[in-house]
Amino acid sequence: MLQVPFIRENKDAVVARLAIRNLDAKPLIEEVLVLDEKRRSIQAELDGVLAESNKISKDIGALYKSGKADEANALKTKTGELKEQSKTLGDLLNETADALTQLLYKIPNVPNEKVPAGNSDADNVETFREGDFPILHENAKPHWELVKDYNIIDFELGNKITGAGFPVYIGKGARLQRALIAYFLDKNTKAGYTEYQLPHLINEASGIGTGQLPDKEGQMYHVTEDNLYLIPTAEVPGTNLFRDTLLNESDLPITITGYTPCFRREAGSYGAHVRGLNRLHQFDKVEIIRVEHPENSYKALDGMVAHIQGILKELELPYRILTLCGGDVTFASALTYDFEVFSTAQEKWLEVSSVSNFETFQANRLKLRFKNSDGKNELAHTLNGSSLALPRILASILENYQTPEGIKVPKVLVPYCGFEMIN
RNA sequence: GGAGAAAUGGCAGAGUGGUCGAAUGCGGCAGUCUUGAAAACUGUUGAGGGUCACACCUCCGGGGGUUCGAAUCCCUCUUUCUCCGCCA
C-alpha cells in the first residue's frame with residue numbers, strides 16, 4: 001500500500017500517475033487525506049486527555065508516598081471522567097484508522113514512468129524479441145496431442161483424481177519437468193540467488209503482506225478448517241520471510257530463489273486458451289525474489305530481465321518481452337515486464353515469466369525496512385520474477401522441438417534428463 | 001491430543017504495581033589511539049504517531065480485564081520449549 005505522507009506530499013502527481021491505470025483516483029485520494037486529517041486531530045485530542053490522566057496518576061502516587069491519602073483519594077474521582085473521554089476517543093481513533101487502512105488497501109501502486117497507457121493486454125508494448133520460429137514438419141501437433149501420443153502427460157487421470165487443471169506427468173514427461181526445475185534452480189543459484197524450500201500453505205497475515213488479501217481472496221484455495229491458503233506463487237512465502245524485519249543496509253540486496261507448486265482457482269477462466277498446459281490450477285514454478293536498496297531496485301530489475309533472457313536463449317526458444325501497460329500491470333507493481341515464448345504448433349505466444357518491481361508497496365504492508373546510512377529506518381524495495389513457470393515452457397518445448405521421429409530434448413537439458421529424445 | 005514452563009529493544013538477557021521505554025552484554029554509529037586495520041578506551045544508539053522544532057502520546061507476543069496507576073496481577077488466543085501419547 002502507498003504511504004500516507006507520500007500521498008499527502010504528492011497528491012496531484014499520484015492522481016495523475018494512477019490515471020495511467022485508467023483509474024480516477026481523485027475521490028479516493030481526497031478521502032485518504034480527509035481521514036488522515038481526522039485521524040491526526042483525534043489523536044491529538046486523545047493525547048491531551050491521556051497526558052492529563054497520566055499526570056494525575058503520578059500526583060496520586062506522590063501523595064500516597066508522603067502520607068496524604070485524603071488528597072490522593074480526592075484526585076481519584078477526577079480520573080473517572082477522563083477515562084470515559086479517552087475510551088470514546090480511542091474507539092473513534094481505531095475506527096478512523098481502520099477506515100483509512102481499508103481505503104489504502106484499495107489503491108494500487110503508482111506506476112513507473114515507463115508504463116505505457118492502455119486498457120488491456122492488447123496494449124502491452126513489445127520491447128524486445130529474439131530467436132527464430134522453428135519450421136515444423138507437416139504433421140506437427142499441439143502439445144495436448146503430443147503428450148497423448150507419447151504418454152507423457154495425462155489430463156484425464158488428473159480429472160479423475162482432482163478435476164480439470166491438475167494434470168498427471170508420466171515417465172519422460174515427469175523427468176523432463178524435474179530436469180527443468182533442476183536446471184532453473186542451478187541457473188539461479190549460479191547467478192547468486194540462495195535456494196529456499198518454502199511452505200506451500202500460508203496464513204492470513206502473509207496473504208495481506210504481499211497483497212493477495214483482502215481483495216483477491218477468491219483466487220486462492222482456502223483451507224477454512226485452519227484458515228490457511230495454498231500459495232498461488234512462491235512470491236508469497238518468499239517475500240513474507242522478511243515481514244516485520246529491520247535489516248542493515250549491508251544486508252542488501254537479498255536474493256533468493258525457490259521452486260514451489262502454485263495453486264490458482266482461476267475462477268472465470270474457460271475456453272480454448274485454457275487448453276492443455278496453457279492454464280492450470282496446479283503448476284510448478286521457480287521464482288526469484290530480491291529485496292533491494294531503493295536506489296538500486298531498477299538496476300536490479302534490468303538484471304533480472306537479462307538473467308531470464310539468458311535462460312530462454314539457452315533453451316533456444318523464441319521469446320519476446322512486453323512492457324505491461326497501465327491497464328494490465330498488476331495492483332501492487334510499479335513496473336512489470338512479461339516474457340512470452342512462441343509455441344509454434346498453437347501459433348501462440350505464451351506468458352512464461354512476469355518480472356516486477358513493487359518498490360515500497362509491499363514493503364509498507366510487510367514492514368520491511370533497513371537502517372540507511374543516516375541511521376534512519378527506510379522501506380526497502382521488493383522485486384520478483386518467474387524463472388521460470390514450467391507448464392508453458394514445457395508446452396513450447398514439446399511443440400517447437402517436435403520432429404517426425406519424436407520430440408528432441410533441448411541441449412542444455414540433456415544432462416539433466418538423461419535422454420535426448422522423447423519417442 | 002494431555003501436563004508443565006516461557007514470550008521484553010537489531011540480538012542475548014535483567015526487571016513482579018508508581019522514580020521503567022526499561023539494567024547489563026553483544027551488535028551498530030561517532031571519536032581517541034594507529035601509516036591503515038584490529039584491539040583497547042570514551043561517547044552514542046529501540047520503534048510508531050505528533051510538532052517548524054520542542055512538548056506530548058502509544059508500544060515489553062496478540063486481544064480483553066482489574067487498578068488512580070500494569071512489562072509486572074487476572075482472563076483469553078497465538079507461538080516456542082520440556083515431558084507423555086501418536087506418527088512419515
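In the text below, chain A, chain B and the rest are named by the order of the sequence lines, each starting its count at 1.
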Worksheet item: In Å, rounded to the nearest 0.5 Å, how long is the span from OG1 of A:T336 to CG of A:L383?
Response: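 Between A:T336 OG1 and A:L383 CG, I get 10.0 Å after rounding to 0.5 Å.
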
Worksheet item: At what distance, to the nearest 0.5 angstrom, does CG of A:D149 lie from CD1 of A:I422?
Response: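 A:D149 CG to A:I422 CD1: 12.0 Å, rounded to 0.5 Å.
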
Discussion item. Using a heavy-atom cut-off of 4.0 Å across all strands, would you classify A:K78 as base, sugar-phosphate, or nothing?
Written reply: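 Here A:K78 touches no strand at all.
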
Discussion item. Students often get this wrong, so: under 4.0 angstrom with heavy atoms, is A:D59 touching a base, only sugar-phosphate, or nothing?
Written reply: nothing

Applying salt bridge (Lys or Arg N to Asp or Glu O under 4.0 Å) as the test, list every pair that has at least one member in [range]; sequence neighbours left out.
range: residues 287-315 of chain A; value: A:E130-A:K313, A:K187-A:E314, A:K285-A:E287, A:R290-A:E292
range: residues 156-182 of chain A; value: none
range: residues 33-51 of chain A; value: A:R8-A:D36, A:D36-A:R39, A:D36-A:R40, A:E37-A:R40
range: residues 250-260 of chain A; value: none

Discussion item. Quick check on B:G50: is either OP1 or OP2 less than 4.0 Å from any side-chain nitrogen or oxygen of A:R39?
Written reply: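 So the side-chain polar atoms of A:R39 do come within 4.0 Å of the phosphate oxygens OP1 or OP2 of B:G50, strictly under.
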
Discussion item. Does B:U51 have OP1 or OP2 under 4.0 Å away from a side-chain N or O of A:R40?
Written reply: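 Yes, such a contact exists.
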
Item to complete: Specify the residue among A:P5 and A:N248 whose closest nucleotide of RNA chain B lies further upstream toward the 5′ end.
Response: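 The residue mapped nearer the 5' terminus is A:N248.
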
Worksheet item: Taking a pair as Watson-Crick or G-U wobble with both distances under 3.5 Å, which nucleotide is matched to B:A14?
Response: none

Sort me out a list of protein N/O and nucleotides 74-81 of chain B N/O pairs below 3.5 Å, or just none if empty.
none

Quote, to the nearest angstrom, the [atom1] distance that separates [N] from [M].
N: B:A47; M: B:G10; atom1: P; value: 7 Å
N: B:C33; M: B:C81; atom1: C1'; value: 47 Å
N: B:G9; M: B:U44; atom1: C1'; value: 16 Å
N: B:G50; M: B:G36; atom1: C1'; value: 46 Å
N: B:G21; M: B:G49; atom1: C1'; value: 15 Å
N: B:U58; M: B:G31; atom1: P; value: 37 Å

Measure from [atom1] on [X] to [atom2] on [N] and round the result to the nearest Å.
X: A:K371; N: B:G9; atom1: NZ; atom2: P; answer: 14 Å
X: A:F370; N: B:G10; atom1: CZ; atom2: P; answer: 16 Å
X: A:L368; N: B:G10; atom1: CG; atom2: C1'; answer: 14 Å

For residues 12-30 of chain A, which side-chain donor-acceptor pairs fall under 3.5 Å, sequence neighbours excluded?
residue : atom : partner : partner atom : Å
A:R17   : NH1  : A:P111  : O            : 2.7
A:R17   : NH1  : A:N112  : O            : 3.0
A:R21   : NE   : A:N109  : O            : 2.8
A:R21   : NH1  : A:V329  : O            : 3.0
A:R21   : NH1  : A:T330  : O            : 3.3
A:R21   : NH2  : A:N109  : O            : 3.2
A:R21   : NH2  : A:T330  : O            : 3.1
A:R21   : NH2  : A:F331  : O            : 3.4
A:R21   : NH2  : A:S333  : O            : 2.7
A:N22   : ND2  : A:G118  : O            : 2.9
A:N22   : ND2  : A:N119  : OD1          : 3.4
A:D24   : OD1  : A:K26   : N            : 3.3

Discussion item. I'd like to check the side-chain hydrogen bond (donor to acceptor under 3.5 Å, both in side chains) partners of A:Q85; sequence neighbours left out, ordered by chain and number.
Written reply: none

Fill in: Under 4.0 Å protein heavy-atom contacts per nucleotide of nucleotides 56-72 of chain B, with B for base, S for backbone only and - for none
SSS--------BBS---

Worksheet item: Which pairs count as ring pair (Phe, Tyr, Trp, His ring centres under 6.0 Å) when at least one residue sits in residues 295-314 of chain A, sequence neighbours excluded?
Response: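 Ring pair (Phe, Tyr, Trp, His ring centres under 6.0 Å) check on residues 295-314 of chain A returns A:Y193-A:H307.
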
